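It should be emphasised that the depicted structure is a prediction, and the values quoted were computed from it without experimental measurement. We name chains A, B, ... by the order of the sequence lines, and we start the count at 1 in each one.
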Amino acid sequence: MSIPREGGAQRPIAGATRRVRVPEKPGVDGLEARWGEAWESAGTYRFDPGAPPDKVFAIDTPPPTVSGSLHIGHAMSYTHTDVVARFWRMRGRAVLYPMGWDDNGLPTERRVQNYFGVRCDPGLPYDPGFEPPSQRGRELVAVSRPNFVELCHRLTAEDERAFEHVWRTLGLSVDWSRTYTTIGDRSRRASQLAFLRMLARDEVYQHEAPTLWDVDFHTAVSQAELEDRERPGAYHRIRFALVGGDASAEVQIETTRPVLLPACVALVAHPEDGRYRPLFGRTVRTPLFGVEVPVVAHALADPEKGTGIAMVCTFGDTTDIVWWRELHLPTRTVVGRDGRLEPVPWGAPGWESDDLDGALGAYGELVGRTVRQAQERIVELLSRSGDLVGEPRAITHPVKFYEKGERPLEIVSSRQWFVRTLQHRQRLLERGEELHWHPGYMAHRYRAWVEGLNSDWNISRQRFFGVPFPVWYALDDDGAVRYDRRLLPQPGRLPVDPSTDVPDGYAPDQRGRPGGFVGDPDVMDTWATSSLTPLIVSGWEEDPELFARVFPMDLRPQAHDIIRTWLFATVVRSELELGALPWSDAAISGFVVDPDRKKMSKSTGNATTPLPYLERHGADAVRYWAAGGKLGTDTALDEGQMKVGRRLAIKILNASKFVLGRSSPDGGGPPETPPAAEVPPPAAAVIEPIDRDLLRRLGGVVTEATSALAGYDHSRALELTEGFFWSFCDDYLELVKNRSYGDPADPRAVSARTTLVLALSVQLRLFAPFLPYVTEEVWSWWQAGSVHLAPWPDAAAELEPFLGSVAAGGAPAPVWGESPVLDAATEVLAAVRKEKTTHKRSMRARVASLTVVDLPDRLEHLRAAERDLLDAGGIEPGGLALREGGPASVTVVLDGA
RNA sequence: GGGCGCUUAGCUCAGUUGGUUAGAGCGCAGCCUUCACACGGCUGAGGUCGUGGGUUCGAGUCCCUCAGCGCCCACCA
């Protein structure tokens with residue numbers, strides 16, 4: 001017999017039945033190493049690239065950042081994904097479950113810099129024989145970009161091995177032959193090719209504009225990488241003299257950044273603000289610097305804030321950019337890319353001052369100071385000149401930071417590459433609606449982000465370890481860079497590094513020479529590459545046949561904190577390149593929080609790597625805990641749950657040992673028939689009502705667990721399976737234990753054994769996605785092949801034939817989950833146990849008499865289970881009395897009582 | 001300031017479309033030993049379901065108010 005597969009494929013339930021071999025003392029320790037190797041050598045989790053598209057289940061695995069360390073939160077969310085992968089694999093899908101390593105980007109640069117004692121100088125030529133200093137010196141050694149990138153590769157390769165070990169131990173059913181890295185050749189090629197395609201379609205553009213800038217990392221950052229942090233600050237009230245009219249007339253503003261006074265280009269108030277309306281069109285003079293600036297009106301000015309009139313500087317915050325752009329204000333920038341005040345040409349056009357000596361003097365001593373130092377000094381100067389009104393008023397306010405940075409962002413003007421996102425807002429919102437989110441409310445996060453977008457996506461970073469922009473620029477005869485004359489490589493040359501490679505038609509010695517060329521110095525934002533993961537793993541522009549089979553993918557699993565970055569960026573790229581969603585479903589995991597409900601993270605010092613937990617409790621136990629966490633919900637780290645998981649795994653071993661070992665007449669032989677069976681026992685083998693009840697109840701669990709898993713509710717599926725299993729052990733096993741020992745010629749014994757083995761087979765497969773090790777171990781005791789390639793249980797196909805309905809022909813379909821005989825027997829058994837416990841007697845104590853008073857149909861059910869009940873309860877022959885009547889009662893009289 | 005989620009036993013959480021005495025595991029208490037399992041088994045005690053209203057024959061479940069916690073977003077002078 002074979003089980004109908006999803007979509008009609010057929011696969012036998014197991015290979016040839018082997019002789020049952022049950023260990024004397026089964027245990028859970030050491031299973032990870034043994035089965036890890038077995039799965040690897042058997043290729044159990046290999047993706048079948050020949051599978052037709054409707055048989056593929058493709059997962060866009062999140063590539064963890066390898067320069068960091070794995071966190072117990074990763075263990076949880078990757079377990080969620082693995083459960084899904086294993087479920088669909090058992091359902092007959094060819095599962096594409098690759099692993100990626102995110103080694104591209106700033107975290108790796110920092111680690112390499114510290115580890116090898118080198119720094120990247122992109123101006124240097126490549127040195128093929130370079131070896132890093134064996135001893136880290138005080139000075140960092142400057143190396144070329146290609147050399148630096150080589151060192152990044154060397155270090156990340158080590159990290160990747162360590163990560164792989166953790167994932168293998170956890171039991172992820174990844175196809176390790178399909179591993180990629182975000183800095184590898186395939187990723188670089190895909191990133192550059194996709195970039196050139198966008199350039200050709202005018203979906204990406206280069207633009208010189210005010211940009212949020214991290215002064216420590218010396219790079220621009222994008223809107224998605226910002227975070228607000230509450231910082232102490234102070235309102236400084238500053239006097240501006242009104243030009244013309246009464247010499248004593250003045251305007252007072254409040255600012256938290258008096259340091260930007262020399263960069264002030266206007267004062268702005270709300271157009272309806274009666275206090276300032278008379279001043280619109282007039283000018284004021286900045287204190288200390290004597291620069292004449294206009295008083296202007298703009299609706300963004302908030303009459304409630306400060307004095308209701310604000311100083312516009314180039315540039316203090318993003319509102320300044322809006323005012324500067326919309327009111328066509330001049331530019332006077334003072335903060336340099338290193339976060340220090342830079343020299344400015346006082347007196348020159350744009351820097352006219354009424355008090356040139358004052359400006360030169362006041363500003364002169366600020367040049368070269370950091371923003372923070374200069375602020376202190378300028379406050380002193382203002383105080384001395386009498387332009388500071390009152391004392392600064394301390395406040396706490398949100399300040400924009402780069403999420404990885406330590407100093408507030410500044411805004412500087414720079415040349416950057418942008419992907420057009422704003423003009424596609426509507427389409428991107430529609431894609432978000434189309435995607436199936438798990439849980440559904442996570443769609444709000446995406447929508448809020450897309451609706452709130454206020455700038456195009458800046459994808460250029462002024463860093464080194466990333467994918468270079470595949471662009472050179474021609475130099476004119478004066479040696480000036482002609483940004484309008486781009487030199488692009490043919491796609492066949494990709495990946496290229498313009499800092500060392502030479503554009504077609506040029507010679508290497510023309511680099512940087514008049515009439516020659518220069519390479520674009522920047523690299524892509526890490527999200528510009530990772531947004532292509534569905535394309536990279538699907539073989540886009542590399543393996544068209546594979547791509548046609550797996551794209552669009554089925555599942556993007558990830559955490560909720562990177563919806564605005566990774567998920568959003570991926571939707572953007574897929575929409576621009578292919579006009580399609582990259583996957584049908586997104587499963588969003590929550591975080592792991594410590595028992596005090598605080599988010600666990602490196603910065604708070606309570607980060608935890610998964611390995612110690614895996615070693616302490618075992619992989620199945622850690623997975624059990626992880627699978628208990630629902631998607632989207634934060635889950636507390638709970639070693640208690642891991643212990644429960646370990647106990648469950650051990651219980652599975654022991655119960656299986658009983659079913660497979662002791663249930664056969666000679667105490668060691670196999671049940672004559674394989675469990676769910678190519679050579680099934682006659683369908684009529686299961687004759688006892690209580691056995692059929694067990695199968696009906698199990699069928700209910702199968703049905704519900706299957707739909708729970710198909711709907712990404714893994715915790716529900718586990719809970720159902722586990723609940724059934726404990727009742728199977730505590731009640732059913734006890735009830736039929738005695739009967740199962742019986743003579744093989746006794747049909748009642750055969751019925752029990754057949755049911756036990758069948759139920760075990762189904763339960764092992766239900767547990768397999770959650771507890772891959774212990775289920776594989778037990779499966780190997782009597783089945784050929786891996787449980788992970790066995791078909792997912794199917795109640796109608798596997799269980800129904802044993803319920804008599806098929807044999808009877810035309811009998812009604814079973815009502816899954818209904819088990820009145822088993823329920824009644826279990827309840828009476830519980831009453832017997834309670835009586836024994838109350839009298840502090842052993843569970844083996846004999847029962848002299850048991851009287852049940854109940855309704856007729858109920859008594860009928862008990863009668864159907866009478867002999868099992870007598871055995872399990874230790875009831876003396878003839879001791880059971882069933883009487884019609886009410887109210888219902890169970891009276892137990894113990895022997896010797 | 002806007003949005004989303006959460007608030008059920010000491011702890012961690014289930015409670016599906018509103019329907020009889022609100023469930024599980026852990027922990028706790030008591031008891032039982034070894035014929036699958038002491039890495040065990042049995043039994044038990046624990047809850048006015050955050051607050052205040054409303055709809056309904058009936059609300060943990062639907063609506064409104066408020067409070068607390070968490071997360072996301074925001075133009076932060």
Side-chain angles (χ1 to χ4, degrees), chain A residues 22 25-29 226 228-231 233 235-236 253-257 260 267-269 300-302 305-313 316-323 395-400 408 439 441-449 451-452 454 560-561 563-564 590-591 593 595 597-599 625 628-630 632-641 643-644 646-663 667 704 708 713 715-716 719 722-723 726 729-730 733-734 737-738 741 830 832-845:
Chain A
V22 180
K25 189 80 181 163
V28 293
D29 294 322
L226 305 181
D228 287 353
R229 296 184 198 161
E230 286 292 330
R231 283 296 132 117
Y235 274 126
H236 299 76
I253 61 104
E254 284 199 323
T255 179
T256 56
R257 302 198 68 188
L260 292 176
L267 298 190
V268 63
L300 275 184
D302 182 353
K305 271 185 192 158
T307 59
I309 186 164
M311 156 172 106
V312 183
C313 305
D317 61 33
T318 50
T319 317
D320 280 342
I321 300 178
V322 175
W323 283 325
I395 57 156
T396 303
H397 63 153
V399 177
K400 286 205 185 306
Y441 60 76
M442 286 295 173
H444 297 305
R445 298 270 181 103
Y446 175 89
R447 182 163 14 93
W449 174 251
E451 284 174 349
N454 56 32
H560 55 69
D561 57 335
I563 288 174
R564 66 172 179 169
F591 289 133
V593 294
R597 310 297 306 167
K598 282 183 298 236
K599 180 186 167 186
W625 159 76
K630 294 173 110 66
T633 306
D634 290 352
T635 300
L637 176 60
D638 187 351
E639 291 202 70
Q641 281 304 103
K643 287 177 183 158
V644 173
R646 184 181 172 88
R647 200 169 66 113
L648 173 62
I650 292 166
K651 189 78 172 178
I652 289 173
L653 289 175
N654 286 315
S656 301
K657 179 182 164 194
F658 168 76
V659 170
L660 296 174
R662 302 307 306 263
S663 66
E704 281 194 61
D713 190 355
S715 60
R716 171 95 183 125
E719 189 185 332
E722 187 188 9
W726 284 106
C729 291
D730 295 343
L733 224 54
E734 294 301 326
K737 189 181 267 185
N738 223 305
Y741 290 139
V832 172
R833 285 170 173 161
K834 183 167 182 170
E835 189 68 12
K836 290 177 179 176
T837 296
T838 306
H839 291 88
K840 304 189 176 183
R841 300 283 294 274
S842 159
M843 284 302 123
R844 323 195 121 270

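Distances were taken from every side-chain heavy atom of A:Lys840 (C-beta onward) to each of B:rC31, B:rA77, B:rC42; the shortest belongs to B:rC31. For A:Glu734, whose side chain is taken as the heavy atoms from C-beta onward, the closest listed nucleotide among B:rC39, B:rA36, B:rG30 is B:rA36. Closest approach to the A:Ala310 side chain among B:rA77, B:rC26, B:rC31 is made by B:rA77 (side chain taken as heavy atoms from C-beta onward). Among B:rA77, B:rU43, B:rA36, the nucleotide with an atom closest to any side-chain atom of A:Lys834 is B:rU43.
Counting non-hydrogen atoms under 4.0 angstrom, A:Asp228 reaches a base of the nucleic acid. Among the heavy atoms of the strands lying under 4.0 Å from A:Lys630 are primed sugar atoms or P, OP1, OP2 only; no base atom is included. A:Trp625 comes within 4.0 angstrom of no nucleic acid atom, judged by non-hydrogen atoms across all strands. Within 4.0 Å of A:Val399, counting heavy atoms only, lies at least one base atom of the nucleic acid. No engagement by A:Ala649 is indicated, since no non-hydrogen atom pair under 4.0 Å with the nucleic acid exists. When heavy atoms are screened at a 4.0 angstrom cut-off, A:Arg447 is found touching no nucleic acid atom at all. Within 4.0 Å (heavy atoms only), A:Asp302 reaches at least one base atom of the nucleic acid. Heavy atoms of A:Lys305 sit under 4.0 angstrom from at least one base atom. Note on A:Leu733: a base of the nucleic acid sits closer than 4.0 angstrom, heavy atoms only. Looking at heavy-atom distances under 4.0 Å, A:Ala655 makes contact with a base. Within the nucleic acid shown, A:Cys313 has no heavy atom closer than 4.0 Å to any nucleic acid atom.
When each of A:Thr256 and A:Pro26 is assigned the nucleotide of RNA chain B with its nearest heavy atom, A:Pro26 is the one assigned upstream, toward the 5' end.
Distance A:Glu451 CD to B:rG2 P: 16 Å, rounded to the nearest Å.
Paired runs in RNA chain B that reach 3 or more consecutive Watson-Crick or G-U pairs, where each pair keeps both distances under 3.5 Å, cover B:1-7 with B:67-73, B:10-13 with B:23-26, B:28-32 with B:40-44, B:52-54 with B:62-64.
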